[in-house]
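In what follows, a structure is listed as structure tokens, so that the remarks can point back to it.
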Amino acid sequence: MEFYSNGKLLISGEYFVLDGAKCLALPCKKGQLLKIKPNTFNENIIWESWDIKKNLWLSAEFDLLSLKILKGDKNSVELILLKKILIELKKLNPDCLKTPVIIITQLEFNLKWGLGSSSTLINNLAKWSKTDPYKLLSLTFGGSGYDIACANSNSSILYRKINNSITFSNAKFFPNFHQNLFFIYLNKKQNSKNEISRYLKLKKPLQEKINKISYLSEQMTLVENQEEFNEIILEHEKIISDHIGLNPIKKEFFQDFNGEIKSLGAWGGDFILASSNNKEEVKNYFKNQRLNTIIPFSELSI
């Protein structure tokens with residue numbers, strides 16, 4: 001059996017999506033594959049995770065009944081978390097781990113990129129076990145669930161979660177100036193779980209600010225002019241900056257960039273979105289900053 005889920009990028013609504021703001025999210029062309037095979041070697045669960053370069057980056061063996069780690073680094077953060085995921089999966093559907101299996105995952109993107117190695121795993125496991133991926137996410141990584149919606153979508157989405165009620169709809173986000181948009185990897189992986197925890201300790205933003213972020217998310221899907229899009233970025237960054245107490249990424253590191261820059265997801269790591277009408281200037285600027293992963297919008301957008 002094989003299952004596949006799309007990766008994701010959060011274009012707008014970061015942080016505030018946890019308080020009910022509408023966010024704009026983009027499924028990616030790159031995702032993760034899950035394969036399930038009968039284990040004919042022994043009576044256990046064998047796990048193998050392979051990266052984009054076909055290197056085995058995580059392997060383990062679990063006892064079928066207790067899910068005790070039999071092989072692998074028992075102190076590994078990844079394995080401890082993986083064990084928790086399997087335990088919760090078994091609680092949601094005891095039948096899915098009744099027989100010995102080999103579980104193989106294959107990433108299509110760099111593990112460090114933050115494109116959804118966790119959410120695609122959760123979604124694939126939920127598909128296999130016929131369980132609720134949002135429930136499995138809440139029991140393991142937490143978060144708003146927009147990444148689960150992206151994992152199953154073939155279109156950009158406008159997503160909102162208020163309390164336990166989730167709504168999302170397809171949205172057109174492929175601007176006519178998309179050739180002037182670039183995703184740049186900051187060479188830092190942000191820990192989403194820690195960032196969620198930090199944000200939730202802050203005072204909840206005013207409802208008018210939540211509504212404004214929702215409005216800006218919608219406007220991003222409608223705008224036809226790059227200058228207007230850049231103005232939306234500026235306003236969005238200021239609202240988030242004022243609330244979380246961090247400088248916008250452009251002000252912090254790229255003040256002399258000729259264009260606008262927006263953080264995507266948790267601030268301080270993973271990808272940023274650069275909006276500029278000079279492709280070569282973008283490449284030269286970020287390469288001079290020793291940031292060499294520069295991906296045109298159309299290469300990641302599904």
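Since the structure is predicted, the reported quantities are computational estimates derived from the model, not experimental observations.
- Here the side chain of T140 pairs a donor or acceptor atom with the backbone of L137 at under 3.5 angstrom.
- A distance-only check finds a donor-acceptor pair linking the side chain of R160 to the backbone of G20 [under 3.5 Å].
- Heavy atoms from other residues, nucleotides or ligands lying under 6.0 Å from NZ of K161 number more than 12.
- Around NZ of K279, the count of heavy atoms belonging to other residues, nucleotides or ligands within 6.0 Å does not exceed 12.
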side-chain hydrogen bond (donor to acceptor under 3.5 Å, both in side chains) between Y285 and N258, intermediate numbers included: CA-CA 9 Å; Y285 179 87; N258 184 21; over 6 Å; no

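- Of all non-hydrogen atoms in S155 and I302, the two that sit nearest each other are N-CG2, 4.2 Å.
- S5 and N124 share a side-chain donor-acceptor pair at under 3.5 Å.
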Salt bridge (charged side-chain N to carboxylate O under 4.0 Å, His left out) evaluation trace for E235 with K238: CA-CA 5 Å; E235 189 170 3; K238 185 178 188 311; over 6 Å; no

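- Under the 4.5 Å side-chain heavy-atom criterion for grouping Ile, Leu, Val, Met, Phe, Trp and Tyr, M1 is connected to W47 within one hydrophobic cluster.
- Residues S129 and L89 approach most closely at OG-CD1, 3.2 Å, considering heavy atoms.
- A side-chain donor-acceptor contact under 3.5 Å links Q32 to the backbone of S117.
- Under a hydrophobic clustering in which Ile, Leu, Val, Met, Phe, Trp and Tyr are joined whenever their side-chain heavy atoms come within less than 4.5 Å, directly or via other members, W57 and L33 fall into different clusters.
- Counting heavy atoms from C-beta outward, L222 and Q219 have side chains that approach closer than 4.5 Å.
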Evaluation steps, side chain to side chain contact (heavy atoms under 4.5 Å, CB included), between I294 and K287: CA-CA 9 Å; I294 303 164; K287 283 183 177 179; 4.1 Å; yes

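- Looking at every heavy atom in both residues, I148 comes nearest to I122 through CD1-CG2, 4.0 Å.
- Judged purely by atom type and a 3.5 angstrom limit, Y134 has no side-chain atom pairing as donor or acceptor with the backbone of N164.
- Separating the CD1 atom in I239 from the OH atom in Y15 is a distance of 15.5 Å, to the nearest 0.5 Å.
- Here the closest heavy-atom approach between residue L79 and residue A60 is recorded as CD2-CB, 3.4 Å.
- For the residue pair N187 and R290, the shortest heavy atom distance occurs at ND2-O, 3.3 Å.
- Of all heavy-atom pairs between S217 and S12, the closest is OG-OG, 2.6 Å.
- There is no path of hydrophobic side-chain contacts, each under 4.5 Å, that joins L291 to L181.
- In this structure a side-chain-to-backbone donor-acceptor pair under 3.5 Å is missing from E48 to I103.
- Rounding to the nearest 0.5 angstrom, the gap separating the CG atom in L273 from the OG atom in S263 is 10.0 Å.
- Of the inter-residue distances, the one linking D19 atom CG with I210 atom CD1 reads 5.0 Å to the nearest 0.5 angstrom.
- Of the possible donor and acceptor atoms, one in the side chain of H243 sits under 3.5 Å from a partner among the backbone N and O of K203.
- With hydrogens and angles left out, the side-chain atoms of Y4 and E108 include a donor and acceptor closer than 3.5 Å.
- For E208 and K212, the salt-bridge test fails: no basic side-chain N is under 4.0 Å from an acidic carboxylate O.
- Within a 6.0 Å radius of CD in E78, other residues, nucleotides and ligands contribute more than 12 heavy atoms.
- When atom types are taken as modelled, the side chain of S241 and the backbone of L246 share a donor-acceptor pair closer than 3.5 angstrom.
- From L92, atom CG reaches atom CG of L125 across 11.0 Å, with rounding to the nearest 0.5 Å.
- The main-chain N or O of D63 is never found under 3.5 Å from a side-chain atom of S66 such that the two would form a donor-acceptor pair.
- Contact annotation: the side chain of I213 never approaches that of K22 to less than 4.5 Å [non-hydrogen atoms, C-beta and beyond].
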Worked check of side chain to side chain contact (heavy atoms under 4.5 Å, CB included) between F257 and E281: CA-CA 9 Å; F257 177 71; E281 189 175 327; over 6 Å; no

Residues Y185, N292; criterion side-chain hydrogen bond (donor to acceptor under 3.5 Å, both in side chains); working and verdict: CA-CA 8 Å; Y185 181 59; N292 296 312; over 6 Å; no

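- There is no path of hydrophobic side-chain contacts, each under 4.5 Å, that joins F62 to L65.
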Stepwise side-chain hydrogen bond (donor to acceptor under 3.5 Å, both in side chains) check, N211 with Q207: CA-CA 6 Å; N211 293 343; Q207 188 60 45; 2.9 Å; yes

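- Applying the 6.0 Å contact sphere to NZ of K127 captures more than 12 heavy atoms from other residues, nucleotides or ligands.
- Scanning for salt bridge (Lys or Arg N to Asp or Glu O under 4.0 Å) contacts around K35 gives an empty result, with sequence neighbours left out.
- Ionic pairing of K250 and E237 is not present here: no N-O contact between side-chain nitrogen and carboxylate oxygen is shorter than 4.0 angstrom.
- A donor-acceptor pair is defined here as one N or O able to donate and one able to accept, closer than 3.5 Å; such a pair exists between the side chain of N6 and the backbone of S153.
- Checked against salt bridge (Lys or Arg N to Asp or Glu O under 4.0 Å), E61 has the following partners two or more places apart in sequence or in another chain: K71.
- Remark: the backbone N or O of S165 is not paired with any side-chain donor or acceptor of N163 at under 3.5 angstrom.
- In this structure, N55 places its CG atom where more than 12 heavy-atom neighbours from other residues, nucleotides or ligands lie under 6.0 Å away.
- Classified by interplanar angle (parallel below 30°, tilted 30° to 60°, perpendicular above 60°), the ring pair F271/W113 is perpendicular.
- A cation-pi contact, defined as under 6.0 Å to the ring centre and within 45° of the axis, is absent between K262 and F183.
- The aromatic rings of F229 and F177 lie tilted to each other, with the angle between the two planes from 30° to 60°.
- Atom CD1 in I102 sits 4.5 Å away from atom CD1 in I46 (nearest 0.5 Å).
- Aromatic ring centres of Y146 and F168 lie farther apart than the 6.0 Å criterion allows.
- Evaluation of the salt bridge (Lys or Arg N to Asp or Glu O under 4.0 Å) rule for K135 yields no partner, not counting sequence neighbours.
- Remark: the N123 side chain and the N152 side chain contain an N/O donor-acceptor pair separated by less than 3.5 Å.
- Cluster membership for L82 and L111, using ILVMFWY side-chain heavy atoms within less than 4.5 angstrom, is shared.
- A salt bridge is defined here as a Lys NZ or Arg NE, NH1 or NH2 lying under 4.0 Å from an Asp or Glu carboxylate O, and K29 with E299 fails to meet this definition.
- Donor-acceptor pairing under 3.5 Å is lacking for the side chains of Q226 and N230.
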From CA spacing to verdict: ring-ring contact (aromatic ring centres under 6.0 Å, His included), F286, F182: CA-CA 11 Å; F286 287 105; F182 306 87; 8.8 Å; no

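- Around atom OH of Y215, no more than 12 heavy atoms belonging to other residues, nucleotides or ligands sit under 6.0 Å away.
- Summarising the geometry, atom OG belonging to S214 is positioned 11.5 Å from atom CG belonging to L24; distances are rounded to the nearest 0.5 Å.
- For H178 and F173, the ring centers are positioned 6.0 Å apart or more.
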